[in-house]
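Heads up: the structure comes next, in structure tokens.
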Amino acid sequence: MIFTVAIDGPAAAGKGTIGRAVAARFGFSHLDTGLLYRAVGAKGGDPVAAAEGLEPSDLARDDLRSLEAGQAASRVAVIPQVRAALVEFQRRFARAEGGAVLDGRDIGTVICPEAEVKLYVTASAEVRAHRRWLEVGGDEAVVLAEVRERDARDMGRADAPLRAAADAFVMDTSVLSVDKAVARAIELVEQKLGERA
Ligand code: CDP
């Protein structure tokens, strides 16, 4: 069975939590596509060469979750040749047999416009920064500034900017708890699977 769940949205909106829960519930594989851009940014040197030569071991580095790695990721993510080098891998993952969940910024709009279920998960910048701060610590005001800067770069870039696909189901996790968002996402997938059966 080919079935793709595309989850897009800004930093720390809850995409990863929802993605992992949906994948576990249905036995789908899960790809955090942000990790690809984080790994390219962390490699240093020419970002296009880094993207073209990306290897599984690059994704296993333990420093990819830092604020710095997030900033480096969003800087290399504006480069069209970097994005182009990562498209095929993501498309193949999305349409592989067995079902897949991908979370990122452009999954429902560019990588897999044919995804069976599209979610756009968002929340206020303050709520997202608070969540990220609980994970990384440090100065919360710095984390908020980092979140805002990355949002502006991700939404403002010319190639594959962050935006909700016209047919995406929008969830605001400032008002909806992450548990409720997970439950809603599971319902949407069940409904789509039911329509197919
Ligand atoms: O975990 P968090 O939401 O903070 O970020 P991430 O999903 O790991 O993504 C890091 C950065 O990679 C983003 O700010 C984007 O600039 C870029 N990215 C992208 O351009 N396209 C994707 N599909 C995923 C991430």
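When a ligand or atom number is given, it counts from 1 through the structure's own listing order.
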Acceptor/donor pairs from residues 66-75 side chains to any protein atom, 3.5 angstrom cut, sequence neighbours excluded:
unit_1: Ser66; atom_1: OG; unit_2: Asp63; atom_2: O; d: 3.4
unit_1: Ser66; atom_1: OG; unit_2: Glu68; atom_2: OE1; d: 3.4
unit_1: Ser66; atom_1: OG; unit_2: Ala69; atom_2: N; d: 3.1
unit_1: Gln71; atom_1: OE1; unit_2: Arg153; atom_2: NH1; d: 3.0
unit_1: Gln71; atom_1: OE1; unit_2: Arg153; atom_2: NH2; d: 3.4
unit_1: Ser74; atom_1: OG; unit_2: Gln71; atom_2: O; d: 3.4
unit_1: Ser74; atom_1: OG; unit_2: Arg153; atom_2: NH1; d: 2.3

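- Among residues two or more places apart in sequence or in another chain, the side-chain contact (heavy atoms from CB on, under 4.5 Å) test is passed with Ala21 by Val182.
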Solution key, residues 189-197 side-chain donor-acceptor pairs under 3.5 Å, sequence neighbours excluded:
unit_1: Glu190; atom_1: OE2; unit_2: Arg25; atom_2: NH2; d: 2.6
unit_1: Arg196; atom_1: NH1; unit_2: Ile2; atom_2: O; d: 3.0
unit_1: Arg196; atom_1: NH2; unit_2: Ile2; atom_2: O; d: 3.0
unit_1: Arg196; atom_1: NH2; unit_2: Glu116; atom_2: OE2; d: 3.0

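- Classification of Asp154 and Arg157 as a salt-bridged pair holds, one side-chain N sitting under 4.0 Å from a carboxylate O.
- Among protein residues, Ala11, Ala12, Lys15, Thr33, Gly34, Tyr37, Arg38, Arg65, Ala73, Ser74, Ala77, Arg83, Gly104, Arg105, Asp106, Arg132, Arg150, Asp154, Arg157 come within 4.0 Å of ligand 1, judged on heavy atoms.
- Atom-to-atom distance recorded for Asp32:CG and Asp103:CG is 5.0 Å, nearest 0.5 angstrom.
- Without hydrogens or angle criteria, Lys118 side chain to Pro113 main chain gives a donor-acceptor distance under 3.5 Å.
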